[in-house]
Amino acid sequence: MAGGSKSSQKQSKNASNNKQVDSQIVPIPTPSDENQNNNVPIVSSFNDRIRPLLDAVDKLRHLNVAAKEGIQLPTIVVVGDQSSGKSSVLESLAGISLPRGQGICTRVPLIMRLHHHPAATPELYLEYTADGSAKKVTTDESSVANAINSATEEIAGGGKGISNNPLTLVVRKNGVPDLTMVDLPGITRVPVHGQPEDIYEQVTATIMEYINPEESIILNVLSATVDFSTCESIRMSQKVDKTGDRTLAVVTKVDKSPEGLLEKVAADDVGIGLGYVCVRNRIGEETYEEARIAEAQLFGTHPLLSKIDKSIVGVPVLAQRLVQIQATIISR
């Protein structure tokens, strides 16, 4: 009983850590009953206030003005070991399918700009520079993964190597949170056929370039199936964020390894200053709406996962946390 009480106290502290990021700058909304409805789109109350600021930052990023002037822009950087479920998290937030396959799927920095858009038909397009010329490619939900693969080949070549030249994906869709995130290649130590021998060093250099600036918020994607302390992404983020004050962890694959997850999150042995959010991503042919319903049922009824504080579970909670953090760093 004493051990259980201590775990509950740590979990409560972790839940409060999830709510303490400069709340004096941006007030934290309390989820209403309506927002707990699984059929409600993932839209934050921050959208109307933060959208103009986010557009300004995105424009500076796109024009490369800030880099030329030595100005670091506030950025949410998504990192994770290969097969950690990083792409699935981004898919859940954006409601679209990203490239999948063996090896590294993200071979260039993918800047995802999500816009809540009330129109019935989503608008998707890619922006990038290849062969010295700027390009814009319009796509749709059914073909966006192929469009990203094609653009990646133009930027990084047809092999399995990576490039530091970014690819921007703009998603204007009803129900997505207003967020801009940079997805980076998954961390792998062993090169597969077709990858350069120094692929680990290349990926590491790219990740460190993006997470090193103090303006960067690190979204560290961790699989519940592994010991967090063994994750390369944790080791890298700890190098540049020793206190963990700008690192948020999202835990995936919770349904595959629910045993001990509550204790792992509560103990926080790896020092995640912005706390944890545990999620269940889409499985198989589920729609994103079906996945959210299944996620709510999992965390509501599972004998172990239901004990995790509801303020740190679910894709809608993750979306709200990210928008809040983004609003804070942009307001600064």
Side-chain angles (χ1 to χ4, degrees), residues 53-79 82 86-87 90 94 96-115 122-173 179-188 191-213 215-216 330:
L53 291 174
L54 188 54
D55 285 341
V57 170
D58 285 340
K59 188 173 291 185
L60 288 171
R61 196 191 319 274
H62 180 65
L63 296 174
N64 208 27
V65 172
K68 292 177 182 176
E69 297 297 328
I71 301 170
Q72 295 294 341
L73 295 175
T75 305
I76 296 174
V77 183
V78 186
V79 299
Q82 193 171 319
K86 185 164 60 70
S87 293
L90 295 171
I96 60 171
S97 296
L98 297 174
R100 296 296 185 94
Q102 297 297 317
I104 296 178
C105 298
T106 306
R107 298 198 291 125
V108 301
L110 177 62
I111 302 173
M112 295 185 64
R113 292 170 52 189
L114 309 183
H115 298 236
E123 296 177 17
L124 286 76
Y125 59 89
L126 299 172
E127 294 179 327
Y128 58 99
T129 300
D131 301 323
S133 60
K135 301 188 177 185
K136 180 176 179 178
V137 177
T138 302
T139 184
D140 56 37
E141 292 180 281
S142 62
S143 56
V144 63
N146 290 333
I148 291 174
N149 281 333
S150 297
T152 297
E153 288 194 6
E154 286 191 61
I155 297 170
K160 295 185 178 180
I162 68 171
S163 170
N164 282 344
N165 296 327
L167 167 63
T168 297
L169 168 64
V170 178
V171 179
R172 295 169 57 84
K173 182 178 179 180
L179 281 173
T180 296
M181 301 171 289
V182 181
D183 181 28
L184 298 178
I187 305 164
T188 178
V192 298
H193 179 69
Q195 288 180 340
E197 290 298 317
D198 64 343
I199 187 67
Y200 172 75
E201 288 74 18
Q202 287 188 36
V203 170
T204 298
T206 298
I207 290 174
M208 296 303 284
E209 177 184 339
Y210 275 88
I211 68 175
N212 190 55
E215 293 78 8
S216 294
I330 289 179

Neighbour count above 12 (heavy atom, 6.0 Å) for E201 CD: yes

Taking the side chain as C-beta and beyond, is there a heavy-atom pair between Q202 and E197 under 4.5 Å? no

Between G186 and V203, the two heavy atoms sitting closest are O-CG1, 3.8 Å

Any donor-acceptor N/O pair, K173 side chain to I96 backbone, under 3.5 Å: no

With a 4.5 Å cut-off on side-chain heavy atoms, are E141 and P122 touching? yes

Looking at Y128, I'd like to know if the NZ or CZ of K135 sits under 6.0 Å from its six-membered ring centre while staying within 45 degrees of the ring's axis. no

So, using side-chain hydrogen bond (donor to acceptor under 3.5 Å, both in side chains) as the criterion, who are the partners of E123 when residues are at least two apart? H117, R172

Roughly how far apart are L110 CG and D183 CG, rounded to 0.5 Å? 5.5 Å

Is it the case that the side chain of S216 and the backbone of Y210 share a donor-acceptor pair, with hydrogens and angles ignored and the cut-off at 3.5 Å? yes

Please report the C-alpha distance between M181 and R113 in whole Å, then the side-chain angles of each, then the deciding distance to 0.1 Å, and finally whether the side chain to side chain contact (heavy atoms under 4.5 Å, CB included) criterion is met. CA-CA 7 Å; M181 301 171 289; R113 292 170 52 189; over 6 Å; no

What I'd like to find out is whether the side chain of T168 reaches to under 4.5 Å of the side chain of L126, using heavy atoms alone. no

Calculate, to the nearest 0.5 Å, the distance between atoms CD1 and OG1 belonging to I111 and T180 respectively. 8.5 Å

Would you please test M112 and L90 for side chain to side chain contact (heavy atoms under 4.5 Å, CB included) and show each step? CA-CA 9 Å; M112 295 185 64; L90 295 171; 4.0 Å; yes

After noting the C-alpha distance and the side-chain angles of V170 and L124, does the key distance pass the side chain to side chain contact (heavy atoms under 4.5 Å, CB included) rule? CA-CA 6 Å; V170 178; L124 286 76; over 6 Å; no

What I'd like to find out is whether the side chain of K86 reaches to under 4.5 Å of the side chain of T106, using heavy atoms alone. yes

Any side-chain heavy-atom pair from L169 and I148 closer than 4.5 angstrom? yes

Using every non-hydrogen atom in the two residues, find where P185 and I207 come nearest and quote the distance to one decimal. O-CD1, 3.8 Å

If you look at every heavy atom in G161 and A156, which pair is closest and at what distance? O-CB, 4.1 Å

Test I155 against every option in L167, D131, I162 by the side-chain contact (heavy atoms from CB on, under 4.5 Å) rule and name the one that passes. L167

Which atom of P99 lies closest to which atom of N149, heavy atoms considered: CB-OD1, 3.3 Å

Check whether any side-chain heavy atom of V78 sits under 4.5 Å from a side-chain heavy atom of V182, and report yes or no. no

Under the side chain to side chain contact (heavy atoms under 4.5 Å, CB included) rule, what do T129 and N165 come out as? Steps first, then yes or no, please. CA-CA 8 Å; T129 300; N165 296 327; over 6 Å; no

T188 side, atom OG1; Y200 side, atom OH - distance, nearest 0.5 Å: 10.0 Å

For the atom pair OG (S87) and CD (Q82), what is the distance rounded to the nearest 0.5 Å? 10.0 Å

So, the side chain of S143 versus the backbone of T139: is there a donor-acceptor pair under 3.5 Å, distance only? no

